[in-house]
Amino acid sequence: MNYWLMKSEPAVFSFQDLMKMSPKGEIWDGVRNYQARNFMREMKTGDRVLFYHSNTSPPGIAGIAEVIGEVQPDPTQFDPSSKYYDPKSSRDEPRWIAVRVRAAQELSRTVSLHELKTITELESMPLVRKGNRLSVMPVSAKHAQIIMDLAATVA
DNA sequence: GCCAACGTTGGC
DNA sequence: GCCAACGTTGGC
């Protein structure tokens, strides 16, 4: 079982929104970055996802989600009415993929980016590095555990 | 709203 | 293949 981090703007889709979708979860589509896509390809059922709220105040880890089902072609790439439509993609050779996730664990509090930046052991996390814009990234089991332990403590 | 960082596009 | 121009992300 591997850990990942995925970013979402809570004004668009929040962890609370995902919880409302239980137990079916929601398809995570619209990823249009090759590096992020390549990470998604490695996702397996049961993998855990740190659900990160971006573009909000404060940004931070809002909950834990879980990958369910296999990685699949992102249906929005074939839909001309979707803002994620990609005319260069084809059903024979889909360019983009999506994955279904569901809420797995509610955290007792959000762990803010600011707080993560104060933890020495998390210095090597891409997330806390300046200028990082990747929306999907792997997280080591050790880092994931540190973050979940943090969430269980009082801020 | 600002802007740094980064990815993509396309002319050459 | 280079790189300027442009668009997007996302913290602040």
Side-chain angles (χ1 to χ4, degrees), chain A residues 2-21 25-43 47-65 67 71-101 103-140 142-144 146-151 153-155:
Chain A
N2 288 310
Y3 288 96
W4 307 92
L5 182 142
M6 296 176 98
K7 295 179 182 174
S8 183
E9 300 190 21
V12 178
F13 191 79
S14 69
F15 185 72
Q16 287 70 32
D17 293 330
L18 184 64
M19 285 199 293
K20 290 180 204 154
M21 311 286 289
E26 175 72 314
I27 299 233
W28 199 300
D29 55 22
V31 172
R32 293 294 180 271
N33 171 283
Y34 288 101
Q35 207 179 344
R37 178 202 68 183
N38 293 345
F39 284 135
M40 283 176 79
R41 279 182 173 157
E42 299 174 33
M43 291 184 176
D47 282 0
R48 295 282 159 138
V49 177
L50 308 189
F51 196 113
Y52 180 84
H53 282 176
S54 65
N55 239 313
T56 188
S57 186
I61 312 284
I64 308 296
V67 174
V71 170
Q72 58 183 286
D74 182 343
T76 63
Q77 71 194 305
F78 308 124
D79 178 4
S81 67
S82 169
K83 70 168 177 168
Y84 298 120
Y85 177 60
D86 183 351
K88 292 176 183 168
S89 187
S90 71
R91 289 184 187 275
D92 288 343
E93 280 185 72
R95 179 176 297 192
W96 306 109
I97 56 176
V99 69
R100 182 171 285 276
V101 299
Q105 185 187 335
E106 201 172 351
L107 298 177
S108 49
R109 66 184 182 89
T110 293
V111 182
S112 71
L113 177 63
H114 175 261
E115 185 177 356
L116 294 177
K117 285 179 171 175
T118 68
I119 310 295
T120 310
E121 297 97 309
L122 299 179
E123 270 175 4
S124 57
M125 265 191 95
L127 179 72
V128 305
R129 300 246 264 274
K130 191 179 177 184
N132 175 57
R133 302 185 318 169
L134 205 54
S135 62
V136 179
M137 64 185 86
V139 178
S140 74
K142 183 184 164 193
H143 287 167
I146 289 170
I147 292 166
M148 289 186 287
D149 288 348
L150 265 181
T153 67
V154 178

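Letters A, B, ... mirror the listed sequences (proteins, then strands); counts begin at 1. Small disclaimer: the values here were computed from a predicted structure and weren't measured.
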* How are the rings of A:Phe51 and A:Phe15 set relative to one another: parallel (under 30°), tilted (30 to 60°) or perpendicular (over 60°)? ->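 The rings of A:Phe51 and A:Phe15 stand perpendicular, inter-plane angle above 60°.
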Atom-pair distance ([atom1] on [X]; [atom2] on [N]), nearest Å:
X	N	atom1	atom2	answer
A:Met137	B:dC6	CE	P	12 Å
A:Asp86	B:dG7	CG	C1'	15 Å
A:His114	C:dG10	NE2	C1'	17 Å
A:Asn132	C:dT8	CG	P	19 Å
A:Tyr34	B:dT8	OH	C1'	9 Å
A:Gln35	B:dC6	CD	C1'	11 Å
A:Leu127	C:dG10	CG	C1'	11 Å
A:Tyr84	C:dT8	OH	C1'	12 Å

* **Backbone of A:Thr153 reached by a side-chain donor or acceptor of A:Arg109 within 3.5 Å** =>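 Between the backbone of A:Thr153 and the side chain of A:Arg109 there is a qualifying donor-acceptor contact (under 3.5 Å).
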* Do A:Glu93 side-chain atoms and A:Ser90 backbone N/O form a donor-acceptor pair below 3.5 Å? ->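 Here the side-chain-to-backbone pair does not exist.
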* Ignoring backbone atoms, test whether A:Tyr52 places a side-chain nitrogen or oxygen under 4.0 Å from the OP1 or OP2 oxygen of C:dG11. =>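 For C:dG11, OP1 or OP2 has a side-chain N or O of A:Tyr52 closer than 4.0 Å.
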* C:dT8 phosphate, OP1 or OP2, under 4.0 Å from A:Lys7 side-chain N/O ->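 Checking A:Lys7 against C:dT8: no side-chain N or O falls below 4.0 Å of OP1 or OP2.
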* Nearest-nucleotide comparison on DNA chain B, the residue closer to the 5′ end among A:Lys130 and A:Asn55 ->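 The residue whose closest nucleotide sits nearer the 5' end is A:Asn55.
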* Could you check A:Lys88 against A:Arg133 and say which one's nearest nucleotide on DNA chain B is further toward the 5' end? =>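 Nearest nucleotide further toward 5': that of A:Arg133.
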* Are the aromatic rings of A:Trp4 and A:Tyr52 close, with centres under 6.0 Å apart? ->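 Here the rings of A:Tyr52 and A:Trp4 have centres that are no less than 6.0 Å from each other.
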